[in-house]
Amino acid sequence: MSDEMIAEMRAAITSLGRGPSRDDRSVTSDLSIDETLLLHGMGYEPVDLVTGISVVAIPYGTFIVPYGQGSPIELSHAKDALSLAFRNGAERLRKECEAADGVGVVGVEVEVEVDGRSATVTFTGTAVTPIGHGKKSPGRPFVTDLSVRDFVLLERAGWAPIDLVAGSGFVAAPVQGVRQRISQVGQNIELPVITRSLQIARERAMDQMQTAALAMHAAGVVDVSIIDGPLGHSRHVCAFICYGTAIRLVADRHQRIEPELMLAMDDRIAFQASSVH
Amino acid sequence: MTPSPPRPSAWSSGLSTNDFAACLGAGLQPLGFVQGCSVVSWNFYSAQSSMMGMGFGLNQMRGYTEQYSCPHGFVSTEHRMYGLNYQKTWIEEAWTETFAAAKRRLLSEAAALGAHGVIDVVDRSIHHAENATFEIALSGTAVAIEGVARPEVPFTTFLAGQKLNKLVEAGFAPVDIALGITAVGVIASCITEYQTRGGGIAFGGNVGGWGGSQTGEIEQVVRAQGAARRLVRERVRSELNGDTLHGASLSVRTIESSEGPQIEALIRGNRVRSFKAFAALAPPRPVVQLVDR
């Protein structure tokens, strides 16, 4: 039993009788205590939980493919809708960050949903500011989906996040004719048109993401997340959506991080009280 | 509801062995597993039904409302002449009262055990009997610490074990569990209806279209979604009084009803209070853990 810890706990519980300090601005954050401590160690503190959302209509018929089409069809309306939703949602998140006097948003959780009629993109994260920072944030706030741990490592290595960048590709694979289906019965063969559709969707999405990163003079994109596969409501449509954090070097050169090797000596826990609930 | 008197037997707790060990290490003695619940009749009613059934109209609505007028004039009897986003304060009040009753019972059981607080709180919300009844249940482990006067109201927290200890070491005292809900109803205007259900037609994306493409933001839905998220954060923030909401999670769901979508936003987290200056940690050392797999 640590006497110091017990004393801290006693002091904490005793302080509850004094009531809150109403002069302080209430802070909300979705960070864990580890993340808060880590952030504080790097000279930042959380200021507010911020969100941004955009819902964009996709025209009726976008996912309907005419019968007899021989080659993959790129669905530009779906791609445009998702791009607009991503852009507007991120902009709203940034505005909320500015309103909270934050210099950036970390640990952004991105949710993407594409149904038959609309594309929805939702962002939730915590706005942060340097400790003791004035009211006004300098410049455009950065937005990153990196966890606090990754954000801290990135900063220590001399890099800084700029913004979230995204790309998407929606390609409809042509409906196979009866003759083609019959010719494939009993054979395990590659389906070149579907393969090609997936390839096109991926290329378009990655191109779009990289173009967006280049436009903001980023050196690269890290922690790229990918959502791919057939759309739930239109199984013939191959979707590929990617997003990540565009970064740039702010130090003179990359700062090498030399991690120490650690060998945990604790055994696996074979029993937990929760198992007898 | 009268809390059960403390029994002179072994205590019970919902803590894992790790959390239990950490809890003792910080001087917190488990006293017992405590619970509180409240079940209410859950009747879904909308703005239109409340206008007719309860005798209040749009002017009597409280909270957030936004009206959307039809730009087309009279088209047909089926054409929507207006749209409305409105805060369903009656749902929020019912939920808040149910939660408060469950928490009162939890705290009452804890106080009967002589607890300073309740840690490792778990909250559940359950719809019974085809959504006709709704229950909020809270459970946790009542704890006490020697040498400290009992607070007027025991503290509550979702945290336990090392997470709670780290919070205290960082200079924050657990105050309360914070939960808040907001519900926003959407009665779609003709434009919104057009964007979400009908509208421009484009076959195969680039095979030409009838009526043109309509890739634009659905403003009414965006504003309703944004309002639900903003209102729920404002609700919780208004109860903090200078404290901090830590480890918050925001979940949003959309329920389809005959009238239109209802957007429910729920936020939960730990209300904590700074009791000493935040001591900055030394920059952490990066390590690579050697593990078998």
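Letters A, B, ... mirror the listed sequences (proteins, then strands); counts begin at 1. Note that this is a predicted model, so its numbers are computed, not measured. Hydrogens, waters and symmetry mates play no part in the numbers below; they use all other heavy atoms, side chains included.
Smallest separation of non-hydrogen atoms from B:Ala224 and B:Ile263: CB-CD1, 3.7 Å. Closest of all the heavy-atom pairs between A:Val171 and A:Pro72 is CG1-CB, 3.6 Å. What you find for A:Met9 and B:Leu28 is that their closest heavy atoms are CE-CD1, 3.7 Å.
For a residue to count as touching a neighbouring chain, one of its non-hydrogen atoms must lie under 4.5 Å from one of that chain's; by this rule A:Ile257 touches chain B with the side chain only. At a 4.5 Å heavy-atom cutoff, A:Thr126 makes no contact with chain B through either its backbone or its side chain. Looking at A:Asp115, neither its backbone nor its side chain comes within 4.5 Å of chain B, counting heavy atoms on both sides. Looking at A:Leu261, both its backbone and its side chain come within 4.5 Å of chain B, counting heavy atoms on both sides. Neither the backbone nor the side chain of A:Glu35 comes within less than 4.5 Å of any heavy atom of chain B. Of the atoms belonging to A:Thr28, heavy atoms from both backbone and side chain fall under 4.5 Å from chain B. Contacts of B:His116 with chain A are made by side-chain atoms alone, with heavy-atom separations under 4.5 Å and no backbone atom involved. Heavy-atom distances place the side chain of A:Arg156, and not its backbone, under 4.5 Å from chain B. Only the side chain of B:Arg271 comes within contact range of chain A, with at least one heavy atom under 4.5 Å from a heavy atom of that chain. No part of A:Ala172 comes within reach of chain B, as not one of its non-hydrogen atoms sits under 4.5 angstrom from that chain.
From A:Ile53, atom CD1 reaches atom CG of A:Leu93 across 11.5 Å, with rounding to the nearest 0.5 Å. Atom CZ of B:Arg230 and atom CZ of B:Arg237 lie 13.0 Å apart (nearest 0.5 Å).
When only modelled atom types and interatomic distance are considered, A:Tyr44 and A:Glu155 share a side-chain donor-acceptor pair under 3.5 Å.
Here B:Asn165 is the residue among B:Asn165, B:Val221, B:Leu250, B:Ile267 with the most heavy-atom pairs under 4.5 Å with chain A. Between chain B and the options A:Thr14, A:Val152, A:Leu263, A:Ile13, heavy-atom pairs under 4.5 Å are most frequent for A:Ile13. Contact count against chain A (heavy-atom pairs under 4.5 Å) is highest for B:Ile145 among B:Ile145, B:Val175, B:Leu159. Note: B:Val288 leads B:Val288, B:Val272, B:Leu290 in heavy-atom pairs under 4.5 Å with chain A. Contact count versus chain B (heavy atoms, under 4.5 Å) is highest, among A:Leu84, A:Leu153, A:Asp34, A:Asp80, for A:Asp34. Among the candidates A:Glu258, A:Glu96, A:Arg18, the residue making the largest number of heavy-atom pairs closer than 4.5 Å to chain B is A:Glu96. Of the listed residues A:Gly43, A:Ser54, A:Ala78, A:Gly52, the one with more heavy-atom pairs under 4.5 angstrom with chain B than any other is A:Ser54. Chain A forms more heavy-atom pairs under 4.5 Å with one residue of B:Ala248, B:Ala173, B:Gly269 than with any other, namely B:Ala248. Chain B forms more heavy-atom pairs under 4.5 Å with one residue of A:Ile33, A:Val237, A:Thr122 than with any other, namely A:Ile33. Between chain A and the residues B:Arg233, B:Glu152, B:Arg229, B:Lys166, the largest count of heavy-atom pairs under 4.5 Å involves B:Arg233. In terms of non-hydrogen atom pairs under 4.5 Å with chain A, the most contact-rich of B:Glu219, B:His246, B:Gln225, B:Arg285 is B:His246.
When the shell of 6.0 Å around NZ of B:Lys163 is examined, it contains 12 or fewer heavy atoms from other residues, nucleotides or ligands. Within a 6.0 Å radius of CD in B:Glu256, more than 12 heavy atoms belonging to other residues, nucleotides or ligands are found. Counted within 6.0 Å of CZ on B:Arg235, heavy atoms from surrounding residues, nucleotides or ligands total more than 12; the atom is thus considered enclosed. When the shell of 6.0 Å around CZ of B:Arg223 is examined, it contains 12 or fewer heavy atoms from other residues, nucleotides or ligands.
For the pairing with B:Phe158, the side chain to side chain contact (heavy atoms under 4.5 Å, CB included) check across B:Ile119, B:Leu164, B:Leu179 returns one residue only, B:Leu179.
Every residue was checked against the salt bridge (charged side-chain N to carboxylate O under 4.0 Å, His left out) condition with A:Glu113, not counting sequence neighbours, and none meets it.
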Apply salt bridge (Lys or Arg N to Asp or Glu O under 4.0 Å) to A:Arg94 and A:Glu91, showing your working. CA-CA 5 Å; A:Arg94 193 172 283 110; A:Glu91 206 47 50; 3.1 Å; yes
